[in-house]
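Quick caveat: nothing in here was measured; it's all calculated off a predicted structure.
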Amino acid sequence: MTSGKTSTPLRYGWTTGACATAATTAAYTALLTGSFPDPVEITLPKGQRPSFALAREALDDRMALAGVVKDAGDDPDVTHGALVYVTVRPAPAGAGVVFQAGPGVGTVTKPGLPLPVGEPAINPVPREMMRRAVAEVADRHGGTGDVFVEVSVERGEELARHTWNPRLGILGGLSILGTTGIVVPYSCSAWIDSIRRGIDVARAAGHPHVAACTGSTSERVATELYGLPEDALLDMGDFAGAVLKYLRRHPIPRLTVAGGIGKLTKLANGHLDLHSGRSQVDFHALAELVAQAGADTALVEGVRGANTALDALRQCQAVGLPLGDLVAAGARNTSMEVLRGADVAVDVVVIDRAGTIVGRTR
């Protein structure tokens, strides 16, 4: 499979939707002509025309199967190296393209996603890509375009356990994703899309309160504090901005932001991407914060020279200064600024590495 072009040293890759489209094109072509195109070329939504090598082929008089190994480029994608394969069978006249979930592809079981309950978890853009591919092959080789398209992912059910799918109510496997067909390295687009879908599912379920958590420990703390159901928990990770910007357009009455002192210190300082490679704790700003709270010069300078936010917290705890509460208030202020008046009440819970609450907004 050829790689996408990029102006950076990192190599672009292809989405599961692009791989499924390539497999669909090859399988339907074989069903109509008796032979598989290899490599197979497809057209992406923005006009690029990548080619894919086939990793699996099967053909008889009732069906054709073609498979492509997903290459995510240099992105740390859970589906990198997975075999995406499609089985195409004739459908009754007038049926059009009927999508089916094969092994390793999930089924939608909760409202709020861009697909109805009971449908295969093949997202709208990949569906449109496959429909266009079927139409092009039908025009080229005299087909009707009436086909069952069954999409499968080898080991997909196992891989799905490492994604948001079970929480979103997508059961039995992975989702077939992609809006451009291209995976941009380290864009984390799948994670951000999962955050948005998590908010959609929570809204559809009528939950008035969600918690955006930076990790499993803060998620546990938020659950213990508020008794929230699983589908009201948002695995925010480092993407505070993604949560807040989507809630600005799709509000839920109450948001709890829960996370470690380090990440929430960065949010308090105005950073919306909390990854250590893209934002850092500003110890000078933290020192100014404790100075404004009445700390003496020794503590101010101790915080300014701290190694970590946790180190600064412990210095403040030793003298009874509530740094965690100050960070929580700052994180809430940043959150409210991003929400821009949306009807969302925000509270913040700050924890240490052990999961002890060290600060909260009141």
> So does Arg249 have more than 12 non-hydrogen atoms from other groups sitting under 6.0 Å from CZ?
Replying inline: yes
> Between atom CZ of Arg167 and atom CG of Leu234, what is the distance when rounded to the nearest 0.5 Å?
Replying inline: 8.0 Å
> In terms of heavy-atom contacts, does CZ of Arg314 have more than 12 from other residues, nucleotides or ligands at under 6.0 Å?
Replying inline: no
> His275 and Gly277: which non-hydrogen atoms are nearest, and at how many Å?
Replying inline: ND1-N, 2.8 Å
> Measuring from Lys266:NZ to Thr334:OG1, what's the distance to the nearest 0.5 Å?
Replying inline: 13.5 Å
>> Less than 4.0 angstrom from a charged side-chain N to a carboxylate O is my criterion; do Arg278 and Asp273 meet it?
In response: yes
>> To the nearest 0.5 Å, what is the distance between CG on Leu299 and CG on Leu321?
In response: 6.0 Å
>> Let me confirm one number: the SG-CG distance from Cys213 to Leu228, rounded to the nearest 0.5 Å.
In response: 8.5 Å
>> For a 4.5 angstrom cut-off between non-hydrogen side-chain atoms, does Ser51 reach Glu41?
In response: yes
> Under 4.0 Å between a Lys/Arg side-chain N and an Asp/Glu carboxylate O for Asp347 and Arg360?
Replying inline: no
>> Under 4.0 Å between a side-chain nitrogen and a carboxylate oxygen: does that hold for Arg197 and Asp200?
In response: yes
> CG of Leu323 to CD1 of Ile261: how many Å apart, nearest 0.5 Å?
Replying inline: 5.0 Å
> Out of curiosity, Leu313 CG to Asp352 CG, how far, rounded to the nearest 0.5 Å?
Replying inline: 7.0 Å
>> Tell me whether the count of non-hydrogen atoms from other residues, nucleotides or ligands lying under 6.0 Å of CZ in Arg132 goes above 12.
In response: no
> Are Val68 and Ile122 joined in one hydrophobic group, where the rule is that I, L, V, M, F, W and Y side chains link up if heavy atoms are under 4.5 Å apart?
Replying inline: no
> Any side-chain heavy-atom pair from Leu286 and Thr265 closer than 4.5 angstrom?
Replying inline: yes
